[in-house]
Enquirer: 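Let me begin by handing over the structure; questions about it come next.
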Amino acid sequence: MTTVAVVGATGRLGTQIVRVVESMDGFEIVARLNSQSDLSEMDRADLVIDVTRHDVSIAVVDRAVSNGQRVLVGTSGWSSAAIEAKSLPSTANVVFIPNFSVGSTVATHVSALVARYIPNARIDETHHVNKVDAPSGTSTHTAEAIAAARAATPNQPAKPGDHIVAGVPITSHRLPDAIAEQLVTFTGNGETVTIGHETTSRDSYDSGIAAAILFTATTAGVTVGLDRVLGIR
Ligand SMILES: NC(=O)c1ccc[n+]([C@@H]2O[C@H](COP(=O)([O-])OP(=O)(O)OC[C@H]3O[C@@H](n4cnc5c(N)ncnc54)[C@H](OP(=O)(O)O)[C@@H]3O)[C@@H](O)[C@H]2O)c1
């Protein structure tokens with residue numbers, strides 16, 4: 001039996017993670033922490049899942065690594081630069097998952113494949129009006145994957161107000177009834193390829209959460225991204 005502490009267990013994502021862990025054989029939740037908890041409550045678990053805020057997440061990762069615990073981090077803000085700056089020891093077992101959606105992860109992978117052959121790409125991403133950041137972390141990651149994959153220099157015009165990430169124009173739309181949607185459009189010579197992904201329910205995270213928990217319980221070292229967990233990359 002793998003014992004689990006969920007830090008941020010009362011939040012929107014934390015509540016979902018508690019539900020997923022409770023449905024998994026071989027895992028038992030022994031601690032549920034929120035903003036009123038002392039972080040020492042997580043110390044008795046084999047595996048710590050962090051879904052809080054970035055500043056809290058740094059303290060959780062530090063504590064879990066020094067305790068020798070396995071850690072799964074779903075909290076936003078862990079950019080490649082932030083993970084590198086952390087200089088985690090070689091003994092650390094930490095898995096960072098910026099996006100638990102299997103469909104979104106696969107769509108980004110397919111976008112990188114198309115970019116190898118059709119370099120001109122733009123991204124439209126749509127989220128709820130209350131989303132504080134723009135462009136979304138997922139669209140930034142997709143733009144970086146496209147830029148890394150393409151062999152030819154793009155000639156993609158941007159629209160006024162676009163964000164330019166790794167040379168890819170991104171238009172951010174904010175609508176009252178949206179959850180999360182991304183459309184990547186590649187324009188070739190007389191042809192267009194579109195790769196779309198829409199989240200219609202947060203239940204879409206369930207399978208990615210379960211896969212990431214199983215991976216964290218069994219894999220050594222530092223891992224970043226659901227694509228690594230799923231064996232896509
Ligand atoms: N990886 C993904 O796919 C994905 C998807 C969605 C969201 N996220 C990210 O996951 C994080 C959580 O999102 P959310 O929507 O669940 O946020 P939320 O609803 O605001 O929940 C935040 C949780 O963190 C807890 N918390 C705050 N300060 C704490 C502290 N000092 N010690 C322990 N717990 C503390 C809160 O406890 P209280 O209830 O006491 O305030 C609450 O349980 C965010 O960074 C978000 O961007 C990632």
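Hydrogens, waters and symmetry mates play no part in the numbers below; they use all other heavy atoms, side chains included.
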Enquirer: Measure across H127 and S136 and return the closest heavy-atom pair with its distance rounded to 0.1 Å.
Expert: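 Shortest heavy-atom separation between H127 and S136 comes out as CE1-CB, 3.5 Å.
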Enquirer: Are V4 and V48 linked, directly or through other ILVMFWY residues, by side chains that come within less than 4.5 angstrom of each other?
Expert: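 Unlinked, V4 and V48 end up in two clusters.
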Enquirer: For side-chain contact (heavy atoms from CB on, under 4.5 Å), just list the numbers for W78 and I97, CA-CA rounded to whole Å, side-chain angles, deciding distance to a tenth of an Å, and then say yes or no.
Expert: CA-CA 9 Å; W78 286 98; I97 305 293; over 6 Å; no
Enquirer: Applying side chain to side chain donor-acceptor pair (under 3.5 Å) between E125 and each of K131, H163, R174, Q182, report the one that passes.
Expert: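 That would be R174.
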Enquirer: Answer yes or no: is there a donor N or O on one side and an acceptor on the other, between the side chain of T218 and the main chain of L214, under 3.5 Å?
Expert: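 Yes; judged by distance alone, with no hydrogens or angles, the pair exists.
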Enquirer: Are V61 and V65 close enough that some pair of their side-chain heavy atoms sits under 4.5 Å apart?
Expert: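 V61 reaches V65 side chain to side chain.
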Enquirer: Please tell me if the side chains of V21 and I49 come closer than 4.5 Å, counting only heavy atoms from C-beta onward.
Expert: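 With C-beta onward as the side chain, the pair touches.
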Enquirer: Within this structure, what is the CG-NE2 distance for the pair D227 and H141, rounded to the nearest 0.5 Å?
Expert: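 Nearest 0.5 Å value for the CG-NE2 distance: 5.5 Å.
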Enquirer: Distance-only, no hydrogens or angles: does the N34 side chain make a donor-acceptor pair with backbone N or O of G8 under 3.5 Å?
Expert: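 No; judged by distance alone, with no hydrogens or angles, the pair does not exist.
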Enquirer: Is it true that R32 and E22 have a side-chain N and a carboxylate O under 4.0 angstrom from each other?
Expert: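 Here R32 pairs with E22 in a salt bridge, since their nearest N and O are under 4.0 Å apart.
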Enquirer: Same cluster for V73 and L39 if Ile/Leu/Val/Met/Phe/Trp/Tyr side chains link at under 4.5 Å?
Expert: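 In one cluster with V73: L39, yes.
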Enquirer: Rounded to the nearest 0.5 Å, how far apart are CZ of R228 and CZ of F215?
Expert: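 Taking CZ in R228 and CZ in F215, the distance rounds to 9.0 Å.
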Enquirer: When you measure from the side chain of R70 to the backbone N and O of T219, does any donor-acceptor pair fall under 3.5 Å?
Expert: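 Yes: the side chain of R70 pairs with the backbone of T219.
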Enquirer: Do you know which two heavy atoms are closest between N99 and S104, and how far apart they sit?
Expert: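 Scanning both residues completely, I find the closest heavy atoms to be ND2-OG, 3.2 Å.
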Enquirer: Looking at A5, is its backbone amide N or carbonyl O close enough to the side chain of Q69 to form a donor-acceptor pair, meaning the two atoms are under 3.5 Å apart?
Expert: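 No; judged by distance alone, with no hydrogens or angles, the pair does not exist.
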Enquirer: Determine, step by step, whether D62 and K86 satisfy the side-chain contact (heavy atoms from CB on, under 4.5 Å) criterion, reporting the C-alpha distance in whole Å, the side-chain angles of both residues, the deciding distance to 0.1 Å, and the verdict.
Expert: CA-CA 9 Å; D62 282 344; K86 198 91 202 73; 2.8 Å; yes
Enquirer: For the pair T108 and T142, evaluate side chain to side chain donor-acceptor pair (under 3.5 Å) and give the outcome as yes or no after the intermediate values.
Expert: CA-CA 5 Å; T108 295; T142 304; 3.1 Å; yes
Enquirer: Please give me the minimum heavy-atom distance between G196 and L183, naming the atom from each residue.
Expert: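 That would be CA-CD1, 3.8 Å.
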Enquirer: What distance do S139 atom OG and I123 atom CD1 have between them, rounded to the nearest 0.5 Å?
Expert: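 Separation between the atoms: 5.5 Å.
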Enquirer: Would you check if the side chain of H128 reaches a backbone N or O of I179 as a donor-acceptor pair within less than 3.5 Å?
Expert: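 No, H128 side chain to I179 backbone: no donor-acceptor pair under 3.5 Å.
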Enquirer: For the atom pair CD (E181) and CG (D124), what is the distance rounded to the nearest 0.5 Å?
Expert: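 The distance works out to 9.0 Å.
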Enquirer: Search all heavy atoms of V51 against all heavy atoms of G14 and return the closest pair with its distance.
Expert: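 In terms of heavy atoms, the two residues are closest at CG2-CA, 3.6 Å.
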Enquirer: Are I17 and L226 joined in one hydrophobic group, where the rule is that I, L, V, M, F, W and Y side chains link up if heavy atoms are under 4.5 Å apart?
Expert: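 They do share one cluster, since a chain of ILVMFWY contacts under 4.5 Å joins I17 to L226.
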Enquirer: Between S57 and R53 (side chain of the first, backbone of the second, donor and acceptor by atom type, cut-off under 3.5 Å), is there such a pair?
Expert: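 Absent.
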Enquirer: So, for L13 and G74, which heavy atoms are closest and what is the spacing to 0.1 Å?
Expert: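 Smallest interatomic distance, heavy atoms only, reads CD2-O, 4.5 Å.
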Enquirer: Evaluate I83 against V94 for side-chain contact (heavy atoms from CB on, under 4.5 Å), listing each step before the verdict.
Expert: CA-CA 10 Å; I83 295 170; V94 188; over 6 Å; no
Enquirer: Calculate, to the nearest 0.5 Å, the distance between atoms OH and OG1 belonging to Y205 and T199 respectively.
Expert: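 The distance works out to 5.5 Å.
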Enquirer: Are the side chains of Q156 and T185 in touch, meaning some heavy atoms are under 4.5 Å apart?
Expert: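 The answer is no; the side chains never approach within 4.5 Å.
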Enquirer: Checking side-chain polar atoms at under 3.5 Å, does T171 have a donor or acceptor matched by the opposite partner on R122?
Expert: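 Indeed, the side chains of T171 and R122 share at least one donor-acceptor pair under 3.5 Å.
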Enquirer: Could you tell me whether a side-chain N or O of N120 sits under 3.5 Å from a main-chain N or O of N155, the two making a donor and an acceptor?
Expert: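 Pair found, side chain donor or acceptor close to backbone of N155.
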Enquirer: Could you state whether V60 and V222 fall into the same hydrophobic cluster, counting links through intermediate Ile, Leu, Val, Met, Phe, Trp or Tyr residues with side-chain heavy atoms under 4.5 angstrom apart?
Expert: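 Result: yes, single cluster for both.
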Enquirer: In terms of hydrophobic clustering (I, L, V, M, F, W, Y; side-chain heavy atoms under 4.5 Å; direct or indirect links), are L33 and L47 co-clustered?
Expert: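 Different clusters: L33 never reaches L47 through Ile, Leu, Val, Met, Phe, Trp or Tyr contacts under 4.5 Å.
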Enquirer: Has Q16 got a side-chain atom pairing as donor or acceptor with R202's backbone, closer than 3.5 angstrom?
Expert: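 Yes; judged by distance alone, with no hydrogens or angles, the pair exists.
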Enquirer: Taking all non-hydrogen atoms of both residues into account, name the closest pair between I164 and P169 and its distance.
Expert: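 That would be CD1-CA, 3.8 Å.
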Enquirer: Quick check: does any side chain N or O of T3 sit under 3.5 Å from a backbone N or O of D46, one acting as donor and the other as acceptor?
Expert: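 Here the side-chain-to-backbone pair exists.
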Enquirer: What is the distance from atom CD1 of I209 to atom CG of L72, rounded to the nearest 0.5 Å?
Expert: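 Taking CD1 in I209 and CG in L72, the distance rounds to 8.5 Å.
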Enquirer: Please walk me through it: do V106 and H197 pass side-chain contact (heavy atoms from CB on, under 4.5 Å)?
Expert: CA-CA 9 Å; V106 173; H197 175 262; over 6 Å; no
Enquirer: Salt-bridge test for D50 and R63: reply yes if a basic N is under 4.0 Å from a carboxylate O, no otherwise.
Expert: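 No, this pair does not count.
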Enquirer: Please check this pair: side chain of T75 against backbone of T52, looking for a donor-acceptor N/O pair closer than 3.5 Å.
Expert: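 Checking the backbone N and O of T52 against the side chain of T75, a donor-acceptor pair under 3.5 Å is found.
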